[in-house]
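Chain identifiers are assigned alphabetically (A, B, ...) following the order of the sequence lines, protein sequences preceding nucleic acid strands; residue numbering begins at 1 within each chain.
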Amino acid sequence: MPDSPGKDSDTREDDNVSHGGYFHNKRVKQRAQDRALQAQMPAGSTSRVLSGCTVYVNGHTDPPRLALHDLVVRHGGVFLHYLSSKGAATHIVAEHLPPRKRVEFRNCKVVSPRWLLDSVQQGRQLPWAPYSVLGGSALSAFPVTSVASAEGSTPTLAAESSNTPTVAAEHTNTPTVPSVSAPTVAAGNSITRTVASPTVPATRADAPSTRADAPAARAETFPTVASDPEAFLRSYFEHSRLHKLSEWKARLRQEFVRAHSAEPPLTAPPTRVLHIDFDCFFATVAFLHRDKRRFPSLDFARDPVAVCHGRGSSDVASCNYAARALGVRNGMWAASAQRRMPAGTTLTLLPYDFAAIEAASAAFYAVLRGCPDFRWVLPVSIDEAVCVLRGEGEDEIALAQQLRREIRERTGGCTASVGIGASLVLARLALRLAKPDGVYAAGGDPSPPDSFWEQFGVRDLPGVGGAAVAKLGGADTATLSTLRHSTTLPSLQTQLGNKLGGKVWAALHGQDDRESQRMLLDPCAVFDRKSVAVDINWGIRFATVPQVDAFLDVCAGYVANKLRECGKRAGNVTLKLHRRAAGAPVEPPKYLGMGRCDAVSQAAGLGVPSGDVGVLATELKALFRALAVPVRELRGVAVHLAKLCGDQEVGPRTPGQWLGKGRVGAGALPAPVSTTPKATTPKGSAGTSAERYRRLRVSPVKDRAAVPRPAASDPGVAAFLEALPSQLQREVRRDLAGAIGESGVGRGRLRAEMQRRAEAARAVNAHLTGSGGTLLAPVRFQGEASFKRVCRTVEAWVAATCSGNGASDGPHERDVLVFLRYVEKLCVGDRVHLALRVASLVSTALALRETSCGDTRAYAEWEHILVRRVLPVLNRNRLTFQTERKLDVEWEV
DNA sequence: TAGACATTCCAG
DNA sequence: CATCGCTGGAATGTCTA
């Protein structure tokens with residue numbers, strides 16, 4: 001196969017289309033893998049016979065799955081490792097199907113492996129019907145729409161219809177899920193799922209659209225992280241209350257900043273604030289929007305009601321006051337809540353109604369924002385706001401009652417309560433007394449009387465949670481009244497820490513601490529986003545490293561999109577993983593929950609602030625390998641981006657923001673490190689380590705100036721190194737430090753470090769050898785498939801080409817081509833980290849060589865190869881390398 | 001001693 | 001059938017230059 005530059009042009013187009021989208025196209029990568037595979041095969045053994053076929057293999061087959069993969073790819077087809085939706089494959093290959101699968105795939109072309117073999121043998125795609133595993137008769141064809149959307153660029157349709165003329169036009173609009181019988185069902189696009197009704201009665205179908213035949217709909221397969229990370233995340237977030245809560249809050253804050261950023265901060269804290277929120281919001285909304293035929297006589301005031309997804313280990317998101325009176329609490333599991341019901345009483349479980357919640361919240365905020373008495377309406381959450389009154393003297397209670405009335409009317413019956421006070425903390429405490437469905441104004445001068453404080457415990461104070469109560473040593477039974485007389489500021493600070501101690505002390509005197517006051521004085525500064533994150537700690541179950549990589553790609557896409565939406569870039573990325581705790585059961589009590597876990601995290605500075613998916617994805621994969629959590633033990637994945645700055649602020653020419661710091665332009669070639677002014681070296685590990693690296697590299701060379709060198713290559717290896725993900729940079733530097741005998745690592749840490757690296761090595765090894773279940777074909781270098789041995793070969797090669805006495809000119813062109821090809825295959829074959837590893841290996845080996853012998857010709861030659869030839873290969877893959885640093889390097893060179 | 005990073009806690 | 005355990009921000013502890 002020719003190495004023509006345009007050979008993956010269609011991939012690039014796909015990339016462009018998907019760039020900036022919520023999730024990027026996984027298929028592109030699969031195809032790239034397969035193309036790489038095909039490129040490795042001898043030219044005579046390939047064909048285009050299966051062109052247009054997208055094949056999924058179900059269950060055990062003869063020949064086995066791997067052989068079929070090979071066959072399909074070899075003959076121009078697309079092989080799916082897993083089935084994201086039934087529309088994704090044109091053919092499902094199986095020997096036989098269990099009954100359940102027969103139902104699931106009853107509208108698909110399910111063929112025996114023989115169909116593939118015979119088609120290839122005869123050199124054309126044979127009719128599939130005679131090979132049908134389901135009996136072949138009168139099967140409806142594959143939905144044309146889904147086939148078309150699955151592969152935009154391949155002429156699938158033509159190939160399909162020529163073989164199966166029965167794909168009649170009548171099917172054009174057949175939905176994938178056959179059970180949606182009513183044509184009036186709203187175009188709920190994406191995945192149709194049967195919403196399990198958590199309600200006690202066994203009857204189903206509470207969903208807004210009525211389904212005549214729900215049981216058939218149940219055959220729908222649900223996306224899992226491993227099988228379809230993108231669909232999993234989308235579906236998960238559509239159903240996660242905590243995700244919604246966070247998302248809504250972020251949106252409200254952003255809207256606030258947009259509307260008020262022009263206004264100056266207040267100079268003095270306001271004297272009166274009003275804290276307002278809905279009573280048991282989710283439960284109220286769920287009740288108001290319940291299926292009235294199923295719950296005709298439900299009485300919200302008397303009957304206990306809770307909102308949750310299921311009935312066992314499902315969290316109670318919200319419950320009404322009748323349920324609370326019986327001991328039900330938010331966050332409790334549904335089964336546990338049920339158990340608290342006295343005999344004869346049942347807890348009614350209602351499903352979430354997120355759309356209705358959003359609508360009610362919109363009405364709520366509309367009422368508040370429309371009130372002329374408020375200087376500011378500060379959003380706290382979807383159902384809660386702090387309103388800052390313009391002045392004093394209004395009739396606060398009357399105002400509050402008026403607002404509550406309007407809110408109830410405009411939300412169709414949601415009640416809200418209002419607490420009023422001279423500070424945030426007093427308004428909040430007052431709100432507690434106001435609930436449910438009331439108003440309370442905290443009075444008293446300068447602070448409320450003991451009778452007010454008597455009604456609270458420490459747990460009622462903002463900022464005081466379980467941990468703080470534990471630190472107070474069971475003081476949770478004391479009322480705030482006794483506490484304010486019995487404690488002192490120093491004792492609180494000893495017990496709770498400086499900040500929280502001070503905060504509690506202030507609260508006991510009816511005042512807000514500095515931190516809380518900031519929200520009143522300069523809300524825009526407080527609401528301005530300082531970090532971006534995605535956390536997934538439910539449903540995380542992986543079997544192989546590539547599955548995790550694919551999920552990290554999705555996460556990177558998600559946070560990158562968030563960054564773009566708020567117009568920011570990140571300077572720092574953290575990967576946080578939850579790992580099943582030793583001794584914890586493999587499957588925890590909560591369905592697909594994380595169970596008992598240990599948390600680990602590692603951060604990486606990006607050097608140049610970035611919002612690029614590729615940069616983020618690369619860093620995340622590197623961090624994942626550094627953390628070395630065995631894939632099967634993973635129970636949670638979180639990505640946090642910090643050190644945000646506006647995306648305008650990162651002009652490509654901002655001096656001092658680049659990694660090298662000293663490198664400002666091609667003309668300003670490296671001043672000796674010793675003379676680099678300290679002040680221009682910004683803080684940041686990348687910068688300081690880079691300095692160290694350069695010092696290390698440069699020092700032992702004597703007569704450098706005497707050798708004519710291309711000006712560009714002077715910062716060569718350093719530039720190359722800096723363009724690597726920070727994790728790898730760190731490793732390379734550690735290697736260097738170790739080799740030179742520099743001991744920058746403490747004793748205890750060293751051991752932990754060794755252990756971690758051993759584990760990381762095992763993880764990578766598992767990935768390589770396929771023992772983790774990877775289906776990737778081996779990539780060979782000089783016939784060698786073992787990465788370890790390839791590394792040794794490469795090292796020896798570098799050594800041989802510049803170990804000379806000054807006579808060596810560097811490597812042979814032929815060898816360089818072979819090496820480049822190897823790196824390229826690694827990249828395309830989804831093993832970027834290995835590509836990076838082997839490339840950094842060369843630079844390390846080189847740096848070591850250079851410090852020990854002065855073979856400058858060969859060294860310069862190698863630098864040239866690294867920077868001008870290897871780096872571009874790495875850069876070519878959008879999702880695997882770092883486009884922005886690439887610019888840096890190219891501009892430099 | 002400042003700062004970077006890891007970890008913990010809280011809220012809704 | 002399950003079930004959807006998020007996320008931003010502050011504070012504190014620890015290590016290093």
Check the phosphate of [N] against [X], side-chain N and O only, distance under 4.0 Å to OP1 or OP2. Yes or no?
X: A/R635; N: C/dG5; answer: no
X: A/K590; N: C/dC4; answer: yes
X: A/K576; N: C/dC6; answer: no
X: A/R311; N: C/dA2; answer: yes
X: A/K503; N: B/dC9; answer: no
X: A/N572; N: B/dC5; answer: yes
X: A/R428; N: B/dG12; answer: yes

message: For the CH2 atom of A/W538 and the OG atom of A/S240, what is their distance to the nearest 0.5 Å?
response: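 One gets 9.5 Å once the value is rounded to the nearest 0.5 Å.
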
query: If you find the nucleotide of DNA chain C closest to A/G593 and the one closest to A/R253, which residue's nucleotide is nearer the 5' end?
result: A/G593

- request: Using heavy atoms to find the nearest nucleotide of DNA chain C for A/E515 and A/L592 separately, return the residue whose nucleotide is more 5′.
  value: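 Looking at DNA chain C, the more 5' nearest nucleotide goes with A/L592.
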
What's the closest nucleotide to the [X] side chain, out of [options]?
X: A/S246; options: B/dC9, C/dG8, B/dG12; value: B/dG12
X: A/R529; options: B/dT8, C/dG8, C/dG5; value: C/dG8
X: A/A603; options: B/dC5, C/dG5, B/dA11; value: B/dC5
X: A/Y236; options: C/dG8, C/dA2, C/dC4; value: C/dC4
X: A/A468; options: C/dT7, B/dT8, B/dC10; value: B/dC10
X: A/S531; options: C/dC4, B/dG12, C/dG8; value: C/dG8
X: A/R459; options: C/dA2, B/dA11, C/dC6; value: B/dA11
X: A/K499; options: B/dC10, C/dT12, C/dT7; value: C/dT12
X: A/S240; options: C/dA11, B/dT8, C/dC4; value: C/dC4
X: A/S601; options: B/dA6, C/dT7, C/dA10; value: B/dA6

message: For A/E565, is there an ion pair with A/R251 - N to carboxylate O distance below 4.0 angstrom?
response: no

Parallel, tilted or perpendicular, as decided by the 30° and 60° cut-offs, for the rings of A/F354 and A/F282: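 Correct class here is perpendicular.
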
Atom [atom1] of [X] to atom [atom2] of [N]: distance rounded to whole Å?
X: A/D535; N: C/dG9; atom1: CG; atom2: P; answer: 13 Å
X: A/K568; N: C/dG9; atom1: NZ; atom2: C1'; answer: 14 Å
X: A/D277; N: B/dG12; atom1: CG; atom2: P; answer: 9 Å
X: A/D513; N: C/dA10; atom1: CG; atom2: C1'; answer: 10 Å
X: A/W333; N: C/dT3; atom1: CH2; atom2: P; answer: 9 Å
X: A/M519; N: B/dA11; atom1: CE; atom2: P; answer: 14 Å

field: Rounded C1' spacing from B/dC9 to C/dG5 in Å
entry: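 The answer is 16 Å between these two C1' atoms.
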
message: Looking only at the side chains, is there a donor atom on one of A/D535 and A/H243 sitting less than 3.5 Å from an acceptor on the other?
response: no

message: What I want to check is whether the side chains of A/T224 and A/S227 have a donor and an acceptor closer together than 3.5 Å.
response: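 Note: A/T224 and A/S227 side chains meet the donor-acceptor criterion.
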
message: Tell me whether A/H243 and C/dC6 count as stacked here, given that the ring centres must be under 5.5 Å apart and the planes must differ by less than 30 degrees.
response: no

- request: With heavy atoms under 4.0 Å as the rule, sort A/I382 into base, sugar-phosphate or nothing.
  value: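 Result for A/I382 = nothing.
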
query: Does A/R324 make a cation-pi contact with A/Y321 (under 6.0 Å, within 45 degrees of the axis)?
result: yes

- prompt: Among all residues two or more places apart in sequence or in another chain, which pass the side-chain contact (heavy atoms from CB on, under 4.5 Å) test with A/A434?
  reply: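 For A/A434 the side-chain contact (heavy atoms from CB on, under 4.5 Å) partners, ignoring immediate neighbours, are A/S417, A/Y440.
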
